[in-house]
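Following: one structure in structure tokens, then a few remarks.
The structure displayed is predicted, hence computed values, not measured ones.
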Amino acid sequence: MYREAIAKLEKWKNSGHRKPLILRGARQVGKTWLMREFGKNNYKKCAYISMDENERMENVFREAFDIERILLALEIEVGFKITPEDTLIIFDEIQEIPRALKALKYFYEQAPRYHVMAAGSLLGIALHEGTSFPVGKVDFCNLYPMTFREFLRACGQDRFVDLMDSQDFAMLSNFKSKIADYLRTYYFVGGMPEAVETYVETKDFDEVRAVQNRLLMAYENDLSKHAPAEIVTKTRMVWNSILTQLSRENKKFVYGLVREGARAREYEVAITWLMDVGLVYKVGRVNKPDFPLRAYQDFSAFKMFVLDIGLLGAMSRLNKRILLEDDRLFEEFKGALTEQYVLQQLVVHEENDIFYWSAERGTGEIDFLVQMDDKIIPIEVKAEENLQAKSLRTFVQKYNIKYAVRTSMSDYREQDWMVNIPLYYVGNLNQYYQDADCK
């Protein structure tokens with residue numbers, strides 16, 4: 001499988017200001033595979049050390065932070081000489097040995113020539129920030145579930161990705177039904193690497209769902225294992241309420257759906273914890289589309305999504321037969337799957353600042369409002385080929401918006417006040433506005 005994060009790692013490798021890099025991401029998004037694949041293709045040697053139940057390494061890092069001594073121990077562990085010019089050092093599951101996490105500071109200060117990469121579940125790493133965490137001494141790279149573009153490549157459909165990159169909308173339109181079939185499949189399979197690999201190898205949706213259910217069970221177990229004891233119950237209640245939240249016409253998060261009579265102050269810590277460990281995305285409301293968007297955020301209103309569309313489908317027990325029923329899948333529980341999909345394609349572009357807008361009074365709402373470099377772009381998400389965009393038009397006229405996007409199953413088309421972007425192309429939205437010189 002190909003992950004587009006490889007390009008970020010290559011940029012890190014070639015940087016003159018390189019620091020030890022921490023690859024962050026929720027459990028099972030493919031961190032270990034990515035590091036090893038990157039090491040195999042970009043270095044002569046890869047010194048991979050897992051910290052999970054590694055008593056030898058625990059003893060090594062228990063002593064003083066003498067980098068020469070640590071390097072000697074690493075060489076004994078991997079069985080070859082570690083040379084700074086052609087060896088990648090990988091510390092996997094680094095959260096299991098907090099002092100190894102702290103040691104990254106000393107690699108940066110005492111041995112900057114060495115290429116050091118570390119990864120671990122955010123469920124563990126987040127717990128160490130503020131104590132042993134090497135603030136200011138490390139670089140970061142965030143890894144997310146696979147995007148639709150990456151899913152297409154995994155399915156051997158590189159040509160569709162190439163067509164998207166070349167913006168050949170006429171050719172894409174010719175093959176719209178075939179691309180829609182893959183998009184429909186992605187809605188079910190999602191972007192968790194194990195689920196994608198299972199689908200590619202077996203084409204068995206029951207096997208894919210079994211993988212997803214195991215992942216959901218593992219996340220539930222991790223909530224009990226890693227969350228502070230005083231918020232475990234509340235964290236699980238918030239997590240289990242997300243499907244209900246997204247099933248509503250107005251997807252604004254309502255505390256009363258977590259527990260009758262619940263108040264924000266009771267659950268704010270639990271929500272923050274779920275965000276910090278990468279299990280949920282929180283999309284805040286803004287009351288004005290102006291720069292910078294976050295200056296106009298209404299902290300009392302937000303939407304919440306899970307980390308992956310396939311897992312959301314598994315949580316809803318979405319039946320595989322819906323895949324075969326035209327575009328019904330795109331409309332499941334009031335378009336929640338489609339909003340989840342769009343957000344998942346946008347969030348991997350970390351330069352994007354993503355919010356939503358709704359009127360103070362009335363029913364007007366813009367699904368996503370994205371600050372993209374020097375542009376603010378409202379995005380209205382249509383789960384079907386419904387080309388009405390009343391809220392978007394009203395919003396554009398009221399605030400004199402220069403760029404506006406409606407994304408739907410319809411073909412690409414430009415209008416005088418907006419552009420319709422096919423759902424399958426949403427992952428290229430940043431490129432579109434760069435290459436098209438802000439159409």
Side-chain angles (χ1 to χ4, degrees), residues 2 4 146-191 196 199-200 309 322-332 335 337-346 348-349 352 366-368 370 372 375 377-393 396 401-439:
Y2 175 77
E4 295 185 347
M146 296 172 70
T147 63
F148 180 54
R149 291 167 51 86
E150 291 172 320
F151 176 77
L152 284 172
R153 291 194 186 279
C155 293
Q157 300 301 317
D158 300 69
R159 288 183 178 85
F160 284 139
V161 180
D162 295 340
L163 286 175
M164 292 178 196
D165 289 343
S166 66
Q167 297 184 16
D168 191 340
F169 293 110
M171 185 69 79
L172 286 167
S173 180
N174 286 336
F175 291 95
K176 172 183 173 180
S177 62
K178 191 169 184 179
I179 300 174
D181 286 341
Y182 281 106
L183 182 58
R184 192 178 291 108
T185 302
Y186 178 76
Y187 269 44
F188 188 95
V189 176
V196 174
Y199 170 73
V200 170
I309 188 172
I322 294 176
L323 283 171
L324 307 175
E325 298 180 15
D326 299 321
D327 291 334
R328 181 180 160 194
L329 179 70
F330 301 121
E331 303 167 36
E332 275 300 298
L337 280 175
T338 299
E339 283 196 40
Q340 168 79 41
Y341 162 79
V342 171
L343 176 63
Q344 206 166 320
Q345 312 315 301
L346 294 174
V348 297
H349 298 278
N352 292 342
I366 302 300
D367 298 308
F368 297 109
V370 182
M372 191 181 295
K375 300 172 284 296
I377 302 173
I379 302 176
E380 185 163 64
V381 178
K382 293 294 184 181
E384 50 185 329
E385 295 201 23
N386 179 349
L387 299 186
Q388 294 186 5
K390 295 179 181 178
S391 293
L392 183 61
R393 181 185 283 274
V396 167
I401 298 294
K402 186 176 181 181
Y403 314 106
V405 170
R406 176 186 60 210
T407 183
S408 71
M409 289 303 296
S410 290
D411 293 330
Y412 171 84
R413 64 171 57 84
E414 295 180 43
Q415 296 179 220
D416 56 350
W417 63 279
M418 58 149 276
V419 59
N420 187 86
I421 295 289
L423 281 168
Y424 58 76
Y425 189 78
V426 167
N428 282 71
L429 200 58
N430 285 65
Q431 178 204 351
Y432 174 84
Y433 277 102
Q434 292 168 359
D435 293 355
D437 193 26
C438 306
K439 286 187 179 180

Considering only distance and modelled atom types, tabulate donor-acceptor pairs under 3.5 Å from the side chains of residues 148-156, sequence neighbours left out.
{"from": "R149", "atom 1": "NE", "to": "E4", "atom 2": "OE2", "distance (Å)": "2.9"}
{"from": "R149", "atom 1": "NH1", "to": "D165", "atom 2": "OD1", "distance (Å)": "2.7"}
{"from": "R149", "atom 1": "NH1", "to": "N428", "atom 2": "OD1", "distance (Å)": "3.0"}
{"from": "R149", "atom 1": "NH2", "to": "E4", "atom 2": "OE2", "distance (Å)": "3.0"}
{"from": "R149", "atom 1": "NH2", "to": "D165", "atom 2": "OD1", "distance (Å)": "3.4"}
{"from": "E150", "atom 1": "OE1", "to": "R3", "atom 2": "NE", "distance (Å)": "3.4"}
{"from": "E150", "atom 1": "OE1", "to": "T147", "atom 2": "N", "distance (Å)": "2.9"}
{"from": "E150", "atom 1": "OE2", "to": "R3", "atom 2": "NE", "distance (Å)": "3.2"}
{"from": "E150", "atom 1": "OE2", "to": "E4", "atom 2": "N", "distance (Å)": "2.7"}
{"from": "R153", "atom 1": "NH1", "to": "D158", "atom 2": "OD2", "distance (Å)": "2.9"}

Looking only at the side chains, is there a donor atom on one of D411 and S173 sitting less than 3.5 Å from an acceptor on the other? yes
Where do W417 and R393 come nearest, in terms of heavy atoms and distance? NE1-NH2, 2.9 Å
Does F175 CZ have over 12 foreign heavy atoms under 6.0 Å away? no
Identified side-chain contact (heavy atoms from CB on, under 4.5 Å) partner of E380 from the options V405, N420, L392: L392
Flag for T407-Y425: side-chain donor and acceptor within less than 3.5 Å: no
Check: D367 and V342 side chains under 4.5 Å, non-hydrogen atoms: no
Kindly compute the distance separating CG (L163) from CD (Q157), expressed to the nearest 0.5 Å. 10.5 Å
Residue pair G190 / V196: nearest heavy atoms and the distance that separates them: O-CG2, 3.4 Å
Side chains of Y186 and Y341, heavy atoms from C-beta outward: is any pair under 4.5 Å? yes
Kindly indicate whether the side chain of Q415, heavy atoms from C-beta on, has any atom under 4.5 Å from the side chain of R406. yes
In Å, rounded to the nearest 0.5 Å, how long is the span from CG of D181 to NZ of K176? 12.0 Å
Taking every non-hydrogen atom, the tightest pair across M409 and A180: CE-CB, 3.7 Å
Walk me through it: do L423 and Y187 pass the test side chain to side chain contact (heavy atoms under 4.5 Å, CB included)? CA-CA 12 Å; L423 281 168; Y187 269 44; 4.1 Å; yes
Going by an N to O cut-off under 4.0 Å, is there a salt bridge joining D162 and R159? no
As an exercise, state the distance from OH of Y433 to NZ of K375, rounded to the nearest 0.5 Å. 8.5 Å
Kindly indicate whether the side chain of M171, heavy atoms from C-beta on, has any atom under 4.5 Å from the side chain of N174. yes
Which atom names give the shortest non-hydrogen contact between K382 and T338, and what distance separates them? O-CG2, 4.3 Å
Do Y403 and V370 touch side chain to side chain, with heavy atoms closer than 4.5 Å? no
For residues Q431 and M164, determine if any side-chain heavy atom of one lies less than 4.5 Å from a side-chain heavy atom of the other. no
Within the 4.5 Å heavy-atom criterion, are L172 and P422 side-chain neighbours or not? no
Are any of the side-chain heavy atoms of I379 and L429 separated by less than 4.5 Å? yes
Could you measure the distance from the CD1 atom of I377 to the OH atom of Y432? Nearest 0.5 Å is fine. 9.5 Å
